Number of protein chains: 2
Amino acid sequence: MSVQERKQRERAERERLIVATARELAEQQGWDAVTTRRLAERIEYSQPVLYSHFRGKREIIGAVALEGATEMAVAVRAAASRASSPRERVAALARSYLDFAARNPAVYDALFQLDGGLAFAHEDTPEPLKDAFAALLESLGEVAGDGVHPGLFTEVFWASLHGLATLTRAGRLPPEDIEPRVELLVDRLAVV
Amino acid sequence: MSVQERKQRERAERERLIVATARELAEQQGWDAVTTRRLAERIEYSQPVLYSHFRGKREIIGAVALEGATEMAVAVRAAASRASSPRERVAALARSYLDFAARNPAVYDALFQLDGGLAFAHEDTPEPLKDAFAALLESLGEVAGDGVHPGLFTEVFWASLHGLATLTRAGRLPPEDIEPRVELLVDRLAVV
DNA sequence: CTCGATTGTCTAGCGGTGCTAGGATCGAAA
DNA sequence: TTTCGATCCTAGCACCGCTAGACAATCGAG
């Protein structure tokens, strides 16, 4: 049994290596540079090995996305927990969200821009994604205001953050003025 | 002279054909299906002809984007002009923006998701893009509220719309509840 | 301890991509 | 009619995601 267990362990380790390498390469040179050939070379295995772990490139993107979702949930909760008032909590959440997107552009792309083959807003949505949304909901739900469904409010606030994140990073919005944009968004949207 | 003029005219006509065909193909089957080979076949010329009009595929995407920007500006201005109050103007603008994105997903992608090699938020930004932003600014500027820069307000409102548009279309948000989301956004962000 | 079966990995290759070099063709001017 | 430049196409490059089939290493049964 021990032999099989070791093999399983090594196999799982190699899978982590693939995901970590894909992420690293994507952050360094963009997802376009993450080709199966380059990825295989970096992990020092041949291409077909990738396909023994994942159905294809999109599943690798999906794996990076799930990893990112978990980290984002952690970051957002940590930022929220450091704030004392609901107003400050929402502002801290917004800043940490945009900060995460700016610091991990490739991961953010994997999550929300690229096709990682993940289901969203369904019952079969992977747990990390649901949890990331839950992390937003925890802080945003309390400032939805009377008569506004917390889930709906969270969707709208999240969409606003997502818009700011993507438009800024794509050069569609000037990168300065991030802070006043966050202030405006929080002041207007959140009911405190 | 007449011969040269005819040739120039035909050349311009072919360029329009390329852009229109690319857009059509993208709307029908997505941008992934828009390959230089397929595009060349549809316009009944060989591949290299494309490269005598555009530097490459990204420039073709950029051309579709510019066309889309012009149309979007028209749509947004038309919707805004039909409303009587500032509040209704903003709501109409929001609906027409999201409607445009939903009805022309490929064009919207060319504008804001794909790399069309266009410069944004610079002085050398193409006129249609600046004008589309101006169309938003015209209606949104009047509800920015005291002490808030109209440009900043427009950026934030636009980003929110962009987030709703992309997350909805990518399946990240359930497609129902578009109207209540718009209502919430307008009610909270706009100062009337 | 040997030997077939299973597992794991690799080489080689398929059809596709964006893009381009170089030759053929055609029409206008001499 | 001949020349010559503009125009267009054939063919091909290097790369892509993905996979079939050969090969080697390992395992379990006799």
Side-chain angles (χ1 to χ4, degrees), chain A residues 1-19 21-23 25-26 28-65 106 109-110 114-117, chain B residues 1-19 21-23 25-26 28-65 106 109-110 113-118:
Chain A
M1 271 302 166
S2 172
V3 172
Q4 283 195 6
E5 284 175 7
R6 193 205 68 222
K7 288 199 173 185
Q8 272 192 331
R9 230 174 26 238
E10 286 173 353
R11 197 179 150 73
E13 177 55 37
R14 192 173 62 180
E15 189 158 316
R16 276 193 295 275
L17 178 64
I18 293 173
V19 176
T21 305
R23 175 175 178 170
L25 193 50
Q28 285 172 356
Q29 310 182 37
W31 276 107
D32 279 352
V34 184
T35 68
T36 55
R37 280 172 177 77
R38 253 193 288 264
L39 187 50
E41 196 194 7
R42 283 231 185 172
I43 65 170
E44 295 179 310
Y45 281 93
S46 71
Q47 262 180 301
V49 164
L50 300 174
Y51 293 85
S52 75
H53 289 272
F54 303 95
R55 280 181 191 280
K57 191 184 171 180
R58 67 151 49 184
E59 265 198 11
I60 297 178
I61 295 173
V64 172
D109 280 346
L114 303 176
D115 180 11
Chain B
M1 269 304 167
S2 172
V3 173
Q4 284 193 8
E5 283 174 8
R6 194 205 68 223
K7 287 199 174 182
Q8 271 191 335
R9 234 179 16 243
E10 286 172 354
R11 199 179 148 73
E13 178 53 36
R14 193 173 63 182
E15 188 160 316
R16 275 193 297 274
L17 177 64
I18 292 173
V19 176
T21 306
R23 175 175 177 170
L25 193 50
Q28 284 171 355
Q29 312 183 35
W31 277 106
D32 279 352
V34 183
T35 69
T36 54
R37 279 171 179 76
R38 252 193 289 261
L39 188 50
E41 196 194 7
R42 284 230 183 173
I43 65 169
E44 296 180 309
Y45 281 95
S46 72
Q47 263 180 299
V49 164
L50 301 175
Y51 293 87
S52 76
H53 289 272
F54 302 95
R55 279 180 192 279
K57 191 182 171 180
R58 66 151 49 183
E59 265 198 12
I60 297 177
I61 295 173
V64 172
D109 279 346
Q113 303 271 50
L114 303 176
D115 180 12
L118 302 175

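Quick note on labels: first sequence line is chain A, next is B, and so on, each numbered from 1. This one's a predicted model, so the numbers in the text were calculated from it and none came from an experiment.
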Quiz item: Between B/Thr35 and C/dT17, is there a side-chain N or O to OP1/OP2 distance below 4.0 Å?
Solution: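 B/Thr35 to C/dT17 OP1/OP2: side-chain N or O found under 4.0 Å.
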Quiz prompt | Under-4.0 Å side-chain N/O to phosphate OP1/OP2 contact, B/Thr36 with C/dG18 | solution =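 Answer is yes, contact under 4.0 Å.
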Are the side chains of [Y] and [X] in contact, using a 4.5 Å heavy-atom criterion?
| X | Y | result |
| --- | --- | --- |
| A/His53 | A/Arg11 | yes |
| A/Arg38 | A/Val34 | no |
| A/Leu39 | A/Ile18 | yes |
| B/Tyr45 | B/Arg14 | yes |
| A/Leu50 | A/Ile43 | yes |

Self-check item: Overall bend - the helix from C/dC1-D/dG30 to C/dA30-D/dT1, comparing terminal axes fitted on five pairs, nearest 10 degrees
Solution: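 The helix from C/dC1-D/dG30 to C/dA30-D/dT1 shows an end-to-end axis angle of 30°.
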Could you tell me the separation between the [atom1] atom of [X] and the [atom2] atom of [N], rounded to a whole number of Å?
| X | N | atom1 | atom2 | answer |
| --- | --- | --- | --- | --- |
| B/Glu41 | D/dT10 | CD | P | 12 Å |
| B/Ile61 | C/dG18 | CD1 | C1' | 11 Å |
| A/Asp115 | D/dG17 | CG | C1' | 14 Å |
| B/Ile18 | C/dC19 | CD1 | P | 13 Å |
| A/Lys57 | D/dT19 | NZ | P | 15 Å |
| B/Leu39 | C/dG16 | CG | P | 17 Å |
| A/Arg38 | D/dA14 | CZ | P | 16 Å |
| B/Leu50 | C/dG18 | CG | P | 10 Å |

Self-check item: Residue list, side-chain contact (heavy atoms from CB on, under 4.5 Å) with B/Ala63, at least two apart or on another chain
Solution: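 B/Ala63 satisfies side-chain contact (heavy atoms from CB on, under 4.5 Å) with B/Val19, B/Phe54 only.
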Self-check item: Lys/Arg-Asp/Glu bridge criterion (N-O < 4.0 Å) met for B/Glu13, B/Arg16
Solution: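 Yes, this pair counts.
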Quiz item: For atom CD of B/Glu10, is the number of surrounding heavy atoms from other residues, nucleotides or ligands below 6.0 Å larger than 12?
Solution: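 Yes, the 6.0 Å shell around CD holds more than 12 heavy atoms from other groups.
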What are the atom names and distances for every N/O pair under 3.5 Å that joins the protein to nucleotides 8-15 of chain C?
from	atom 1	to	atom 2	distance (Å)
C/dT9	OP1	A/Arg14	NH1	3.0
C/dT9	OP2	A/Arg14	NH1	3.3
C/dT9	OP2	A/Arg14	NH2	3.0
C/dC10	OP2	A/Ser46	N	2.9
C/dC10	OP2	A/Ser46	OG	2.8

Quiz item: How many angstroms lie between OG1 in B/Thr35 and CD in B/Glu41, if you round to the nearest 0.5 Å?
Solution: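 Reported value, rounded in 0.5 Å steps: 9.0 Å.
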